[in-house]
Amino acid sequence: MDELLKKASVLVEALPYIQRFNRRIIVVKYGGSAMVDEALKRSVIQDVTLLKLVGFKPIIVHGGGKEISRWVEKSGMEPKFINGLRVTDAPTMEIAEMVLNKVNKSLVQLVEQLGVLSVGVSGKDGNLLKVEKKYSDGADIGFVGDVKEVNPKILYDLLEKDFLPIVAPIGMDDEYNTYNINADDAACAIARAVSAEKLAFLTDIEGVYKDPQDPSTLISELSVSEARELIQNGYIGGGMLPKLNNCIDAIGHGVSRVHILDGRIAHCLLLEIFTNKGIGTAIIGDKEMRFYHE
């Protein structure tokens, strides 16, 4: 009976969150270790399908960097990076598109195994992601694009027909050349365009720390002004800096809350979204009510 009561209390704790976010769009950026470990991959997909089945409207935007590097090496080439961005010449772009489409359909397959209809698209479909060439501190890094425009019609159409959209971060420029897009940037742009209630980044760290060397300084909830202060005071660096700037930008363009979660923890999405304490870092607007971690 104690076990049954525990299960009931979990459902009761989740109820206000289900009520608040019912029929709202949630964008999940899926990447990192959670894409490599099969057990973690399945737990992420279970989380997203559960969100859909309880009334949320999830959209998955996925990466595939580790898999792309593996196939580049298999093809006899060496992966090259400048300031953390992949140098993408024409042969590498061809491999990247092939790999991302393969990853995309494997995720569709996992979702449909759990009884939810899904459709995989890339940013080329329906002119979803229009890009312009990206440079890294003035250096030419090839076919890497910055999202300049999002046409979310195909996503709205899929959501309206009760499909779960899964997006590969590939786009086209005005001349219809194909470009690779950083998955964080693509997720952020899509979340802004659909005015998502939530944007969740699955990463390989627990969240935002005031001191990256001290795990006890994990920040559970962070306002935009507090996030800017951390950046200005030099507390944020490395790969977290562009991610946190993406979060601030998303909130500035109408996304209500952004979550940075450790994708290596099974069911991290459910733990953050449906529990009072949560497990990662939630970033909110300055005027937003402190809703979590009470």
Answer whether the closest heavy-atom distance between the side chains of Phe163 and Leu117 falls below 4.5 Å. yes
Side-chain heavy-atom pair Val150, Leu128 within 4.5 angstrom cut-off: yes
Should the heavy atoms of other residues, nucleotides or ligands under 6.0 Å from NZ of Lys148 be counted, would the total exceed 12? yes
Heavy atoms of Val224 and Gly285 approach each other most closely as CG2-CA, 4.2 Å
Using modelled atom types and a 3.5 Å cut-off, is there a donor and acceptor pairing between side-chain atoms of Glu197 and backbone atoms of Ser256? no
What distance separates Asn245 CG from Ile231 CD1, expressed to the nearest 0.5 Å? 4.5 Å
Got a sec, which residues hit salt bridge (Lys or Arg N to Asp or Glu O under 4.0 Å) with Asp140, two or more places apart in sequence or on another chain? Lys133
Interatomic spacing from CG in Leu53 to CD in Gln46 - rounded to 0.5 Å: 11.5 Å
Please determine if Asp157 and Lys161 form a salt bridge, counting it only when a charged side-chain N lies under 4.0 Å from a carboxylate O. no
Whether Asn177 side chain and Asp173 backbone form a donor-acceptor pair below 3.5 Å: no
Does the Ser75 side chain pair with the main chain of Met77, one donor and one acceptor, at a distance under 3.5 Å? no
Residue set satisfying side chain to side chain donor-acceptor pair (under 3.5 Å) with Asn127, at least two apart, ordered chain then number -> none
Can you check whether Asp204 reaches Arg264 side chain to side chain, under 4.5 Å on heavy atoms? yes
Cluster question for you: counting only ILVMFWY and a side-chain heavy-atom cut-off of under 4.5 Å, with indirect links fine, are Met98 and Leu107 together? yes
Could you tell me whether Glu94 atom CD has more than 12 heavy atoms of other residues or ligands within 6.0 Å of it? no
Going by heavy atoms in the side chains, are Ile251 and Val258 under 4.5 Å from each other? yes
For Phe201, is there any backbone N or O sitting under 3.5 Å from a side-chain donor or acceptor partner on Thr203? no
Who else is in Leu218's hydrophobic cluster (ILVMFWY, side-chain heavy atoms under 4.5 Å, direct or via others)? Tyr209
Check the hydrophobic clustering (I, L, V, M, F, W, Y; side-chain heavy atoms under 4.5 Å; chains of links allowed) and say if Leu241 and Phe81 are grouped together. no
Work out which heavy atom in Gly145 is nearest to a heavy atom in Ile181; give both atom names and the distance. O-CG2, 3.9 Å
Got a sec, which pairs hit salt bridge (Lys or Arg N to Asp or Glu O under 4.0 Å) with one end in residues 28-44, sequence neighbours left out? Lys29-Asp184, Glu38-Lys41
Just so I know, are the side chains of Asn246 and Lys243 near enough to count as touching, which here means a heavy-atom distance under 4.5 Å? no
If hydrophobic clusters are built from ILVMFWY residues whose side chains come within less than 4.5 Å, do Leu40 and Val61 share one? no
From Leu244 CG over to Arg228 CZ, what is the distance, rounded to the nearest 0.5 angstrom? 10.0 Å
List the residues meeting side-chain contact (heavy atoms from CB on, under 4.5 Å) with Leu50, not counting sequence neighbours, and say none if there are none. Val54, Leu270
Residues which pass side chain to side chain donor-acceptor pair (under 3.5 Å) with Asp125, listed by chain and number, not counting sequence neighbours: none
Which residue pairs pass the side chain to side chain donor-acceptor pair (under 3.5 Å) test when at least one of the two sits in residues 96-110, sequence neighbours left out? His62-Asn104, Glu97-Lys124
Apply side chain to side chain donor-acceptor pair (under 3.5 Å) to Asp249 and list each qualifying residue two or more places apart in sequence or on a separate chain. Arg192, His253
Once rounded to the nearest 0.5 Å, what's the spacing between atom NE2 of His259 and atom CD1 of Ile26? 7.5 Å
What pairs with Asp146 under salt bridge (Lys or Arg N to Asp or Glu O under 4.0 Å), at least two apart in sequence or on another chain? Lys134
Is the shortest heavy-atom distance from the side chain of Pro169 to the side chain of Asn182 under 4.5 Å? no
Got a sec, which pairs hit salt bridge (Lys or Arg N to Asp or Glu O under 4.0 Å) with one end in residues 48-61, sequence neighbours left out? Lys52-Asp162
Rounded to the nearest 0.5 Å, what separation is found between the CD atom of Glu226 and the CD1 atom of Ile219? 8.0 Å
Any chain of hydrophobic side-chain contacts (each under 4.5 Å) joining Ile190 to Met172? no
Taking side chain to side chain donor-acceptor pair (under 3.5 Å) as the test, write out the residues that go with Lys66, two or more places apart. none
Over all heavy atoms of both residues, which pair between Ala266 and Leu271 is shortest? Give the atoms and the distance, please. O-CD1, 4.0 Å
Identify the two heavy atoms, one from Gly120 and one from Val108, that lie closest to each other, and give their separation to 0.1 Å. N-CG2, 3.5 Å
Quick one, Asn180 with Thr92, criterion side chain to side chain contact (heavy atoms under 4.5 Å, CB included). Give me CA distance, side-chain angles, the key distance, then yes/no. CA-CA 10 Å; Asn180 194 16; Thr92 303; over 6 Å; no
Please test Asp174 against Lys130 for side chain to side chain contact (heavy atoms under 4.5 Å, CB included), starting from the C-alpha separation and ending with a verdict. CA-CA 7 Å; Asp174 291 337; Lys130 186 170 278 190; 3.5 Å; yes
Heavy-atom pair of closest approach, residues Asn151 and Gly126: ND2-O, 3.3 Å
Salt bridge (Lys or Arg N to Asp or Glu O under 4.0 Å) partners for Arg70, two or more places apart: Glu67
Just by modelled atom types, is the Gly280 backbone N or O under 3.5 Å from a matching donor or acceptor in the Glu272 side chain? yes
Checking Thr281 side chain against Ser220 main chain: does a donor-acceptor pair fall under 3.5 Å? no
Is the shortest heavy-atom distance from the side chain of Tyr156 to the side chain of Ile25 under 4.5 Å? yes
Roughly how far, to the nearest 0.5 Å, is the CD1 atom of Ile59 from the CG atom of Leu159? 5.0 Å
Minimum heavy-atom separation for Gly63 and Met35, please, with both atom names. O-CE, 3.4 Å
Check whether Val119 and Ile154 end up in the same hydrophobic cluster, where Ile, Leu, Val, Met, Phe, Trp and Tyr are linked by side-chain heavy atoms less than 4.5 Å apart. yes
Flag the pair Cys247 / Ile260 as yes when at least one side-chain heavy-atom distance between them is below 4.5 Å, and no otherwise. yes
When Ile60 is tested against each of Leu202, Val44, Val167, Leu164 for side-chain contact (heavy atoms from CB on, under 4.5 Å), which residue passes? Leu164
